[in-house]
Every structure is written in structure tokens, then in C-alpha cells.
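Counting from 1, the numbers follow the sequence of the chain as shown.
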Amino acid sequence: MNRIWNSVVGKLWGTILLLVLFVLFIVTVLMLEFLEDFHSQQAEESLRQEARTIGKIVEQYSNVEDSFKIIQDILGDETNALIVKNSDSIYLSVQDGLNGDVIEEQILNDSELTKVYQSNDPIIKKMLMPSMKNENQMESYIILASPLESDKEVHGAVYIYQSLEVISNTTNQTTKIVYLSGIIALLLTTMFTFFLTSRITSPLRSMREAALEIAKGNFDTKVPYTQRDEIGELGSAFNRMGRQLKHHVEVINQEKEQLSNILTSMTDVVITFNKDFTVLVSNPQADKLFQKWYANNVDKNSKHLPPELYQMLEHVFDEEEELKVELDIQGMYVSVSITLLYSKNSVRGAVVVLRDMTEQHRLDKMRSDFIANVSHELRTPISMLQGYSEAIIDDVVTTEEDRIEMIRIIYDESKRMGRLVTELLDLARLESGYLSIHKGEVAVIPTFERITLKFDQIAKEKNINLHFEHTLQEPFNLELDEDRIEQVLTNLIDNALRHTLEEGTVLVRLTKSIQELIVEVSDTGHGIPKEDLQYVFERFYKADKARTRGKSGTGLGLAIAKNIVERHDGKIVVDSEVGVGTTFTIHLPMNK
């Protein structure tokens, strides 16, 4: 029921119904009042006419019986008459029904009606008297007292009275007709209202369903309309709105996708903050940085953003100015750029762009260190070449043996400089990709055994035990650049022999997993301090204490070895303990 009253149909039907009921009520009240007055006036006029006619008959006819018949014919239904020649006696009584004597007595004794004997004007009065149809029942009567022979000072009167039940019956019939008309009007109004509202609400319901579909994202929904009125125009406007919404949403989605692709493809970290420091938008680089910051955060319940970033955001929001600065955040050297976002005239947030400058700073430091190391490495042989050359030129050498020794030193240092330049060029070519790797089918066991046995004589001279072993069940081939792999293994074995004392052991071991060939080069030498392990593959690495390589080392062998292994899609790792020894492990992927 509430659904009907809350609908347009119910509201329109109720409004029209109330309006019709109000109009019918007013019309009925006015009509009943009018009909009652009209019937009363008609009854009075009829009684006056009949009274005048009866008076003339009484004056003309002296015979009572003749007068009685004529008067009976003149009087209408439900109308009675009482003729009094004088106030003392009744001349004629025309009455049908019960209680006649009581009625006559009540009329003749009424003080107002008796005034007609001295008046020339008729007197009309409504009285409550006994019914002429039913015993013990009272009815309303209208009584007309008309003077008879009014030219005399005291004259008689004609009393004509009629029950008001006739008027009441007429009024009741009229009321029934009005009520019946009202019911018919209500039915017609209801039918008209529902017909009219269905014509109005049917397209509105269609628009409602279409609006719900559009709210779900179905922008192709159309509203059918055939009318040419305002509702038809509304349907046409609704369809245009759907097309415009679809177009705008597509444009927004394209812009959103374009922005998302731009943010995703950016190498910089982009974060959009709300004014309450809530992250609104971030790109994948930012998500990775969040994870890193959260992992480095000791207190997991606190905010995972660094306090430096919060301080900069607070400064930007308070001062409402943009900020560009470079600083160190949790071991990362980053360039921070903060731009404000405005909503009308107020700041609603900020866009933070972080660029990781750590690698650039590391490369700058590596470049400067590289120049310093190259200068340092070249300074020693150049000084020695210059010093011994001057000694020979100035004839400082007194014996032939000393002169030959100086020439030999000059030759060794020139060879060392040559190796340094060659290795620098090889390393540069490897890192830049210009040095080609030529892979071919290589028999693994014979190749690695041959490279190991190449150092057998050197190991014997140094009284070091050099061993080669493997756990491979059967020979197999692997796609490798044999020359470059030999260069790697030669460097590792040579380093192991140079850093192992007499009676020590150097072991080259081959093993195989499901996906990898594992090559281990172990020694029982001095070992590498734990804090230096992360630097062993950098250029010009030299341990200051335990792993002194002597004049023949350039500090580039391990860097070159790492690059060659990586060019074979493998990796090289080191494990060492001071006083125990060092193990270099090479992981080479098996053929696919």
C-alpha cells in the first residue's frame, strides 16, 4: 500500500480523487439546500393556491356536500384541509388518515394560527403533530392558515396542512441520485486517472530502468519513446545524456589508461599524497620502494614511509611551496621533487617524484676510483721504468750483472703495463658488449681437467697439492666459449696458487645439478675477510693484508671473470673464511 501512495500514480490519483470529492461535497450540500428550499417554496405556493381556490368555493357554494367533493378533488395527495366559518365552529374538515381529531384540536388551539381570524394575510407555520399513517409517531407538518371572508372584522379561515414527509422523500431521492452520481464520478475519475498516469508513468518507469542500467555502466541503454510531448522530449534528452556519458567515460578511461601507462613506464617513483598523508596514486616503482622501506622499518606498527619524507611534506603543506632537494634516505641517495595539487584555492595534496641517484653516485665514485686506481697501478711501473732507465743512461750500474737485472726489471714492468692495458680493454669490451662470445660444443670433463693440469708444474714448484675431481657419472658436452672459460678458470687457479702456502691444497671440482654445471675452485690459503667479500669482483680489488698478489696482479682478473660468466648466463660467487681458505663457485646453465 505504501508503494502505491509513494508512486506518481498514487499521488496523482489521490490528488484528483480528493479534488473531485471536495467538489462533489460542496455541490451536494448546495444542491440539497437548494432543493429543500425549492420544495418548501413549491409546497407553500401550492398550499396558497389551493387555499384561495377553497375559499372561493366555500363562498360560492352553500351546500356543504357539494363543497366537500370539489375540495377533495382540488387537494393533492397527502394534503388535508380544515375550514372554519368563525372561530367557534368547524365548517368542513377534509382529512384522510389517523389522529384527525388530535390534529384539528392542535391546529385550532395554536396561538399563532388563530391570529388569522383578525388578519387579512395568510399565516404559514411548521409544526410537529401526530402522524396520519402510524399510531404513536410524530411527523413534521407545514400548515397554511388563509383568511376566509376577510372583509369582515372577525372572519373564518381555511387551514391547509401537509406532511413534510413528501418533501423529505423527494430530498432523499435527490440525495440518492447525487450519491450515485458521485460514485459513478469517482469510478470514472479513477479510470481516467489510472489511464492518464499509465500514459505518464510508463515512459518514466522505462527511464528509471534505463537509469539503473546506466548506473551499472551499460551506457548503450536506450529509452524507447513515441510521444511528441514533453515526455518524448525527456526520453530524447535521456538518450542524448547516455551517449554523452558514454563518450565522456571513454575519454576519462583513455586518459586514465594513458596516465597509468605513463606512470608504469616511468623509472622514477611517483606518489600522490592527500593532505592527511594518505597515498592516493602510486606507480609500480613506488610500490617496490614501499616494500623496501617497510622491510627496513624496525617498528612494523609505525608508518613505513621515512620520517624525512613526512617532514618535507609537512613543510610543503604548511608553507604551500614546491620543493626540490637531494638527500640520503635509508642508505639511498635520491632526488626529491614535490609539486602541490590545488582544489579551487586550497591545497588538497602533493605529487612526489623520487629519482634513485644511488647507482649514478656509485658509478661516479667508481669512475673516480677507477681513474685513481689506474693512475696508482701505472705510477709504480712507470716510476720503476723511469728510475732504472735513468740508472742505465747515467752509467750508475757498475757490473754487467746489475745492468742485466735492471733490464729484466724494466722488461717485467713493461709486460705488467701491457697486461694491465689489455685487461682494461677486455673488461671495457665485456661490459659494453663489444667483446663477442663464441659458443661451441665443449667436452666438459677433458677441457676442465686440461686447464687444471696446466698449473701442475707451478704447483709442484711451490710444493702445493693441486687436484682435479668430479662426480659426473658420464661425459657430456656443454655450449661454452672455451677460450673465455679457460681465461676464467686460469685466473681462479692462478689466484689460488699465489695465495696458498707450501703444503697447501688447491682443488678444482665439477658437480652437476638438474639445471646447472657447478665448478668449484677451492684453496687452503689465507682467506678473505668477511667485510671485503662484497668487493672481490670490483676493479683493482686487492686485500691489504692476507691476499697480497705481488707485482704480477692487476686487480682486474675477477672483474673480467665475473663478466665472462654472466655472458654465459651464469653466476660466480665466493665463500671464504680467514685462516681456512677460499672457494669460488661458478654456476653454468645446462643446454636447453
Side-chain angles (χ1 to χ4, degrees), residues 1-47 76-79 126 128 131-134 137-142 162-216 221-242:
M1 193 67 179
N2 291 332
R3 182 178 179 183
I4 295 177
W5 286 113
N6 291 331
S7 64
V8 175
V9 176
K11 292 177 181 178
L12 187 57
W13 176 70
T15 302
I16 296 177
L17 192 62
L18 288 176
L19 180 60
V20 172
L21 287 175
F22 179 75
V23 172
L24 286 176
F25 175 75
I26 299 298
V27 170
T28 302
V29 170
L30 295 177
M31 183 177 292
L32 291 177
E33 186 71 22
F34 169 76
L35 291 175
E36 185 177 359
D37 293 341
F38 175 75
H39 290 148
S40 297
Q41 291 176 4
Q42 289 292 324
E44 291 178 5
E45 186 63 28
S46 178
L47 292 177
D77 297 336
E78 304 292 335
T79 304
K126 293 180 181 179
L128 187 65
S131 174
M132 292 184 294
K133 295 181 179 181
N134 300 313
Q137 183 176 344
M138 304 296 288
E139 288 183 0
S140 295
Y141 290 83
I142 181 171
Q162 184 183 39
S163 175
L164 291 177
E165 185 179 358
V166 178
I167 301 175
S168 177
N169 291 335
T170 304
T171 304
N172 291 336
Q173 292 295 327
T174 305
T175 304
K176 290 179 181 179
I177 294 173
V178 171
Y179 285 156
L180 180 60
S181 301
I183 293 173
I184 295 174
L186 290 179
L187 293 176
L188 293 176
T189 301
T190 301
M191 294 174 60
F192 169 75
T193 302
F194 278 94
F195 172 75
L196 178 63
T197 53
S198 64
R199 297 278 294 176
I200 297 175
T201 57
S202 178
L204 292 179
R205 285 193 294 268
S206 299
M207 291 181 193
R208 175 181 173 273
E209 295 174 358
L212 293 176
E213 291 297 320
I214 288 178
K216 295 177 183 178
T221 304
K222 302 294 182 182
V223 176
Y225 63 93
T226 57
Q227 302 172 351
R228 298 299 178 184
D229 54 5
E230 290 82 357
I231 295 178
E233 294 177 356
L234 178 60
S236 176
F238 187 91
N239 291 337
R240 286 197 300 271
M241 180 192 69

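Rounding to the nearest 0.5 angstrom, the gap separating the CD1 atom in I177 from the CG atom in L180 is 8.0 Å. The OG atom of S236 lies 10.0 Å from the NZ atom of K222; values are rounded to the nearest 0.5 Å.
Residues E213 and T221 approach most closely at CB-OG1, 3.4 Å, considering heavy atoms. The minimum heavy-atom distance between A210 and F238, with the atom names listed, is CB-CE2, 3.5 Å.
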